[in-house]
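These numbers come from a predicted model, not from an experiment. Quick note: residue numbers are just sequence positions, from 1.
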Amino acid sequence: MARTWDSSADVVVVGYGGAGVATALAARESGADVLALDRFLGGGATALSGGIVYAGGGTWVQRAAGVTDDVENMLAYLRAEVGDAVGEATLRRFCEDSAGMIDWLSGHGVPFQPSLCPYKTSYPTDDHYLYYSGSENSGGFRELAKPAQRGHRAHGPGVSGKKLFGPLAISAAQHGVRVQTGTRATRLVIEAGRVVGVEATTLSGAPAGVRRRFAALSRISAKPGVYHQGLRRAVQALLDRIERKYSVPVRIQARTGVVLTTGGFIANGAMVARHAPGYPWAEGLPLGTAGDDGSGIRMAEAIGAATGKMDAISTWRFIAPPSAFFGSIAVDANGRRMVDESRYGAALGAAIATSPGNRAWLLLDADLAAESRAQIAGQSVWFQRMQTERLLRVARITGNTIEDVAARAGIEPAALRETVEAHNRAIEAGLPDPMGKPDEIRRPIRTGPFALLDISFKERLTYPTPMLTLGGLLVDEETGAVRTTDGGIVPGLFAAGRAAVGVCSNSYVSGLSLADCVFSGRRAGAHATVSSAAAPRLPHGKATA
């Protein structure tokens, strides 16, 4: 029998965000004919992101900024963050390849700039493009490795994810990567036990006016839709209607490999609830596009693929800028200290996610509040300033004494007093902070009036709680080939980015996901083309069954 294909390529990439474009470029560099599919317009969560790539070991950006770093130093820090998400050999390879990855990105037009941020922050202003994007200089990490700035922000105003994806997409087009947008993959096609293509629905043949409307709605669903989920749901209903009316089914042949780079599943509430029951995901802001619905993961599961870390969700609670907030103490509903406040916001988010009622506050005294206010203008971009002003004006409870402010917040006064006194005594006695906070960041809490700032998990636009899933398909760490539930591999199928378990699947720090998208995407793209030179070139439109 002959089976009809509507189009074909050596490598078919499903999902065209950061991992997808890295995969496509790597496959083209290996000489393969590449077709990338995307349900929307391409870019994915990468284009919406801050554009931070976690890289070290002596990148050209670090060297130009005067930052000393090497592979062993980077490995020592990441080993503690990454844990068992990937094997030791893979993590070492990630660190060894890191400087070359920045060279590769730069060679494809991604702009970086060696301007160091002089203070610790969750995201730097447009004056700074290299910073501590993790917990390198926090907690016990200083004892493991010399702190080094590794957050490489793509150079561009505002949140600069587009400055990462855009140049890569341009370079991919220049290198001959074909991209088909408005195309939703629905099923993997298997012949003789091997993935040989995908079934999909596409708007590529729809009237031009329909495609323009779909594109406009897709843009609304992407960026504004991140912050207003009601808007996203309404827009998605319109997009679904267009797809139902105008999409047509197609079959796309992959002569050597299909690579799933469809992202995670944070946009699929039912899927999150199933894999992480009890997690307060409804209070969070799903960080990604509507395409982060687990579709690629589910397609692979349907043919026997294995998954891992599916209950891993990174939840961010950022308290800085202003950097003086790191001197505050974060307490739970029982008045107990929670974490080293100077760590990356995912660590604080994880602590709040397991605290009673997901409630938490920052405790400041008058001196620390004054220092914080003085830093807001110089350290904040617009959305950070909005969040800080909300904390200081709306989510603030004050009292002349510790007991007074605790009672007003519903915290047991004696418990909070005990926490504060233990904190102050340790500073006065020169003892290490029990949570590991570095000495130069610690501040005694002494001078009234005192303030408790509510940093609890709540669904609120002006102080959101971003969340993303970190688990996905299990892959062979040498090739990116998708593994089966019995420990084998699925021939012809690969995965990368947040559709797969990777470097950041245990613990997230800023830039580690994008770095893993590039690392795993290049790996999958290269190995998906291994047999492309020897593969039989069937006529476009036909494949033997």
Side-chain angles (χ1 to χ4, degrees), residues 13 15-30 34 36 42-65 67 69 71 74 78 93-116 123-124 126 128-131 133-134 148-177 179 259 261 263 480 496-498 502-504 509-526:
V13 180
Y16 201 54
V21 71
T23 299
L25 276 166
R28 281 297 296 144
E29 289 170 346
S30 296
V34 181
T46 297
L48 305 179
S49 75
I52 307 298
V53 178
Y54 195 92
T59 70
W60 74 259
V61 183
Q62 288 179 312
R63 296 195 306 271
V67 174
D69 195 17
V71 169
M74 181 183 183
L78 282 182
R93 187 164 61 250
F94 176 80
C95 295
E96 289 173 343
D97 293 351
S98 189
M101 176 183 67
I102 293 297
D103 292 340
W104 185 83
L105 290 171
S106 298
H108 284 289
V110 178
F112 294 105
Q113 187 189 69
S115 49
L116 277 176
Y123 191 77
D126 290 346
H128 310 296
Y129 288 87
L130 181 64
Y131 73 117
S133 65
Q149 293 91 337
R150 300 194 185 101
H152 290 59
R153 177 186 168 195
H155 185 243
V159 287
S160 45
K162 288 184 178 180
K163 292 297 183 180
L164 178 66
F165 177 78
L168 292 177
I170 291 171
S171 183
Q174 292 171 342
H175 283 81
V177 172
V179 180
V259 186
T261 57
R498 295 288 58 76
V503 171
C504 69
V509 298
S510 192
L512 197 57
S513 181
L514 291 186
D516 184 52
C517 283
V518 177
F519 172 75
S520 62
R522 292 176 71 192
R523 176 181 65 190

Validation row: [X], [Y] side chains within 4.5 angstrom (heavy atoms):
| X | Y | result |
| --- | --- | --- |
| L78 | F94 | yes |
| L130 | S115 | no |
| H128 | L116 | no |
| H155 | F112 | no |
| M74 | S98 | yes |

Practice problem: Run through V509, L514, V503 and flag the one making a side chain to side chain contact (heavy atoms under 4.5 Å, CB included) with Y54. | Solution: V509
Practice problem: Would you please say whether a donor-acceptor pair under 3.5 Å links the side chains of R153 and Y123? | Solution: yes
Exercise. Looking only at non-hydrogen atoms, find the nearest pair between A526 and S30 and report the distance.
Key: CA-OG, 3.9 Å
Quiz item: Rounded to the nearest 0.5 Å, how far does CG of D126 lie from CD of Q113?
Solution: 10.0 Å
Quiz item: Does the side-chain contact (heavy atoms from CB on, under 4.5 Å) test come out yes or no for R522 and M101, once each step is laid out?
Solution: CA-CA 10 Å; R522 292 176 71 192; M101 176 183 67; 4.2 Å; yes
Quiz item: Is there a side-chain contact (heavy atoms from CB on, under 4.5 Å) between V61 and Y129 once you walk through the steps?
Solution: CA-CA 9 Å; V61 183; Y129 288 87; over 6 Å; no
Quiz prompt | Pair R498 + D516: basic N to acidic O under 4.0 Å | solution = yes
